[in-house]
Structures are given as structure tokens and as C-alpha cells.
Amino acid sequence: MGTQIAKIIKSNNQDYKFGQLVFCSTGWRTFSIINPTTLEKDGMPTFYLLPDFGNLSPSLGLGVLGMPGNTALFGFLNICDPKPGETVVISAAAGAVGIHVGQIARNLGCYVIGFAGSDHKVKWLKEVLKFDAAFNYKTKDVTQHFSKLLHMV
């Protein structure tokens, strides 16, 4: 299985026209025949028309403009309700959702600490994404290192 952005090349459904782009959870394939009304629903969208992203890549519908970005934006803002100056700790900070939560938190003026599973990812979080602190949870004592970081805030 997997998700993809696909282009409709033929349609017998008046709601879906040739050339439109769709998000679908039908697996990674070259071609698929899909009846969107019969796709199994498990609480997650499995098929929908992609909005027009203009000149941006349609692949953004799988990332920042798709599930990871929406999970980060709405989950973080609506559930956590962050305020400027607060400390935000992100587990799996180098993952699809974590990288977006970190950027949103930084833009809100929060102090951002990220956990990642490799030194390479830690370096990327600090140098590229500008997290205030990050560490490798596989090589550092999480409790000790985290306590040290919180005293720095």
C-alpha cells in the first residue's frame, strides 16, 4: 500500500475529469482503476481531488500540504495551543510531522527541542531547521540530557 498523487487519464464519473489530480491511498502503481464511492473508509481520506497548487509541485499534497503538514498545523495549534516563549519538545523531530511542528513552533517564537535517532538528523535539525536544541535519543541519556536542556531555557 501507499499514497500517491495521480492524474486522471480517463473517467466515467462526471465528478472527476480528465487531467485533474487526485490524492489516493490505493498503493504505488503506474495505473489504477478506481471507483471512489467503493473505497473503504477508515476515518482517513483515501481519495479526493487535489486543490490547485498553481506552479507548486503536486507532490506537496503528500507532505506539507497533505497529511503531515495538516497534522502538524492543526494538531499542534489546536491541541497544544502553544504560546511564544514556551518550550516545545518534539519526539521524532526529523520525521514527516515533526519537522513541520518544529517550524511552526519556531515561527511562533517558541524554544524548540527535538529528539532524533541519528547524529546526522540532529545536525540537520540544528543547522538547517534551526531548532534551538536537538539530540540523538539513541546515544544520549534522555532524562539527563533533557533535564540539562530545560535548565538552559
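Each residue takes its place number in the sequence, starting with 1.
Under the salt bridge (Lys or Arg N to Asp or Glu O under 4.0 Å) criterion, the residue pairs touching residues 128-138 are R106-D132, with sequence neighbours excluded. Note on residues 59-73: no pairs pass salt bridge (Lys or Arg N to Asp or Glu O under 4.0 Å), not counting sequence neighbours. Sorted by first and then second residue, the side chain to side chain donor-acceptor pair (under 3.5 Å) pairs with a member in residues 89-100 form an empty list; sequence neighbours excluded. Residue pairs meeting the salt bridge (Lys or Arg N to Asp or Glu O under 4.0 Å) criterion with at least one partner in residues 51-67, sequence neighbours excluded, are absent.
In this structure, S11 has no side chain to side chain donor-acceptor pair (under 3.5 Å) partners at least two apart in sequence or on a different chain. Residues satisfying the side chain to side chain donor-acceptor pair (under 3.5 Å) test with D15, not counting sequence neighbours, are none. Taking the side chain to side chain donor-acceptor pair (under 3.5 Å) definition, one finds that D119 meets it with N136, sequence neighbours left out. Judged as a side chain to side chain donor-acceptor pair (under 3.5 Å), and not counting sequence neighbours, the contacts of K83 are D81.
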Validation: residues 53-63 side-chain donor-acceptor distances under 3.5 Å, sequence neighbours left out:
residue	atom	partner	partner atom	Å
S57	OG	S59	N	3.2
S57	OG	S59	OG	2.8

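Residue I99 shares its hydrophobic cluster (ILVMFWY side chains chained together at separations under 4.5 Å) with L73, F74, F76, L77, V88, I90, V97, V101, I104, L108, V112, W124, L125, V128, L129, F131.
The neighbour count for K10 NZ, taken as heavy atoms of other residues, nucleotides or ligands under 6.0 Å away, does not exceed 12.
Heavy atoms only, all atoms of each residue included: I9 and F18 are closest at O-CD1, 3.1 Å. Contact detail for A93 and G114: the closest heavy-atom pair is CB-CA, 3.6 Å.
The six-membered or imidazole ring of F23 lies away from that of F47, with a centre-to-centre distance of 6.0 Å or more.
Remark: I8 CD1 to L49 CG distance equals 6.0 Å, nearest 0.5 Å.
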